[in-house]
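A quick write-up on the structure given underneath.
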Amino acid sequence: MTVLLLLTRSPHKNSVDLVTETDQKVEAMISKTLHAKYPTFKFLGEETYKPGMKLTDAPTFVVDPVDGTTNFVHHYPYVSVSIGFAVNRQPVVGVVYNPFTRQMYTGIKGEGSYLIEYKSGGVENDNEPRRQRLPLKQPPEPLKELSEALVAVEWGSDRSGSNWETKVKTWDNLGRAKEDGGAMIHSARSFGSAALNLCAVASGAMDLYWEGGCWAWDVCAGWVILNEAGGVMVDGNPGKWEVPIPVDHRKYLALRAVAEGEEENVSGQRKIVEEFWSFIVGTMQYEH
Ligand code: LIP
């Protein structure tokens with residue numbers, strides 16, 4: 001059995017903010033490879049990020065070498081390498097690969113998004129992977145109201161204070177019976193990887209994903225894959241439908257495509273998003 005060397009992240013937030021030697025080595029390899037190929041582009045990675053570093057409008061690789069580190073430490077196979085590319089703080093290219101399931105999700109702005117499944121030999125040895133355009137169900141299933149939804153929600157690593165209160169009370173509101181003022185959603189799931197949660201929403205297997213506290217590197221790649229599958233990313237706090245959020249906003253709500261036609265899709269999504277916002281208790285705030 002491979003022994004994972006757990007390291008202490010600096011600055012170290014708390015006992016659930018985990019990092020391993022693998023996270024750091026994979027990022028070093030990705031950054032070296034990308035820099036050699038694209039020396040003029042900037043790089044923002046989870047393991048080399050320092051407080052105060054800001055994502056600019058410059059073309060930038062936004063990378064999470066091991067998204068789902070807690071899963072990786074526990075050998076729970078919901079882990080991914082997430083490589084995004086942003087321009088003007090907007091995601092334009094994304095690749096998310098889960099080495100345990102050999103599933104790769106790709107998305108390029110204006111060119112669609114795909115699920116590519118490799119057989120046992122993995123990426124290097126499989127020349128004919130199965131490739132499917134997202135969402136997997138076309139036309140997308142309608143989603144008439146929030147009570148029909150399966151929603152991904154994550155605790156994250158902040159476990160006290162007003163952000164925690166907002167998460168716990170909102171989770172309660174989403175699950176609670178309608179006659180008691182709740183949304184009575186079908187159910188909630190916590191998979192522990194923002195990138196794979198976004199890919200699940202893009203594929204249509206999950207209807208929504210809500211989280212506050214994760215970072216640009218957790219969502220950049222998945223965001224393009226979601227948008228190119230007709231899905232939408234909006235403010236994780238009750239917001240304004242017309243106001244787009246930047247990739248480093250740190251409060252996110254993702255929703256899958258709910259109809260084939262552009263107009264029907266957008267109006268159907270707006271209805272669900274505004275319904276979801278009405279069940280959020282409080283406002284999440286995170287330093288950037
Ligand atoms: C994780 C995110 C997840 C969040 C975790 C953590 P990491 O990223 O993907 O959504 O809930 O707290 O931030 O640290 O495994 O790269």
Side-chain angles (χ1 to χ4, degrees), residues 4-31 43-51 53 55 61-84 91 94-101 103 105 151-161 163-164 166-168 170-171 188-202 206 208-223 225-226 233 236 247-254 284 286-288:
L4 284 173
L5 187 57
L6 257 185
L7 303 175
T8 302
R9 194 189 298 284
S10 72
H12 181 54
K13 187 156 67 178
N14 57 32
S15 61
V16 298
D17 180 22
L18 306 182
V19 59
T20 72
E21 192 185 26
T22 307
D23 295 62
Q24 294 178 340
K25 286 189 172 168
V26 172
E27 180 163 321
M29 190 239 329
I30 294 172
S31 145
F43 184 93
L44 175 66
E46 176 170 15
E47 303 315 329
T48 44
Y49 165 79
K50 294 280 175 286
M53 269 180 175
L55 181 65
F61 288 106
V62 186
V63 172
D64 189 339
V66 180
D67 188 47
T69 301
T70 301
N71 294 344
F72 185 57
V73 168
H74 289 271
H75 303 276
Y76 179 66
Y78 205 76
V79 178
S80 65
V81 179
S82 177
I83 301 179
V95 178
V96 173
Y97 180 60
N98 180 342
F100 294 92
T101 61
Q103 291 181 313
Y105 297 85
V151 180
V153 288
E154 300 287 347
W155 276 352
S157 50
D158 289 324
R159 303 295 176 75
S160 61
N163 290 332
W164 175 251
T166 294
K167 286 187 178 183
V168 172
T170 301
W171 189 79
R189 297 285 179 270
S190 290
F191 288 115
S193 161
L196 289 174
N197 285 341
L198 287 169
C199 294
V201 176
M206 192 73 69
L208 293 116
Y209 163 49
W210 180 65
E211 183 158 12
C214 49
W215 298 80
W217 48 76
D218 294 311
V219 298
C220 186
W223 190 322
I225 294 161
L226 173 76
M233 182 78 104
V247 69
D248 54 350
H249 188 61
R250 302 203 61 197
K251 291 91 55 180
Y252 308 104
L253 175 61
M284 298 181 287
Y286 297 94
E287 104 272 339
H288 275 83

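One-based numbering, in listed order, for ligands and for the atoms of each.
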**Request:** Kindly confirm or rule out an N or O of W155 lying under 3.5 angstrom from an N or O of ligand 1.
**Result:** no
**Request:** Return a yes/no value for A195: is any of its N or O atoms, backbone included, closer than 3.5 angstrom to an N or O of ligand 1?
**Result:** no
**Fill in**
Counting heavy atoms under 4.0 Å, the part of D218 that contacts ligand 1 is side chain
**Complete:** One finds that the ligand 1 atoms under 4.0 Å from a non-hydrogen atom of G68 are 7 (P), 15 (O), 16 (O)
**Asked** Does an N or O from L18, backbone or side chain, lie closer than 3.5 Å to an N or O of ligand 1?
**Response** no
**Asked** Going by the order shown, which atoms of ligand 1 are within less than 4.0 Å of some heavy atom of T69?
**Response** 15 (O)
**Item:** Identity of the nearest option to atom 14 (O) of ligand 1, non-hydrogen atoms only, from E154, E47, E46
**Value:** E46
**Message:** So for Y209, does at least one of its heavy atoms come nearer than 4.0 angstrom to any atom of ligand 1?
**Reply:** yes
**Message:** Tell me whether ligand 1 is touched by V66 - counting only heavy atoms on the residue side and a distance under 4.0 Å.
**Reply:** yes
**Request:** Assign the ring pair W164 / W155 to parallel, tilted or perpendicular, where the plane angle (0 to 90°) is split at 30° and 60°.
**Result:** perpendicular
**Prompt:** Using a heavy-atom cut-off of under 4.0 Å, does the side chain or the backbone of D64 touch ligand 1, or both, or neither?
**Reply:** side chain
**Asked** Can a donor-acceptor pair be found between the side chains of D23 and T20 at a distance below 3.5 Å?
**Response** yes
**Asked** Which of the numbered atoms in ligand 1 are below 4.0 angstrom from a heavy atom of S193?
**Response** 9 (O)
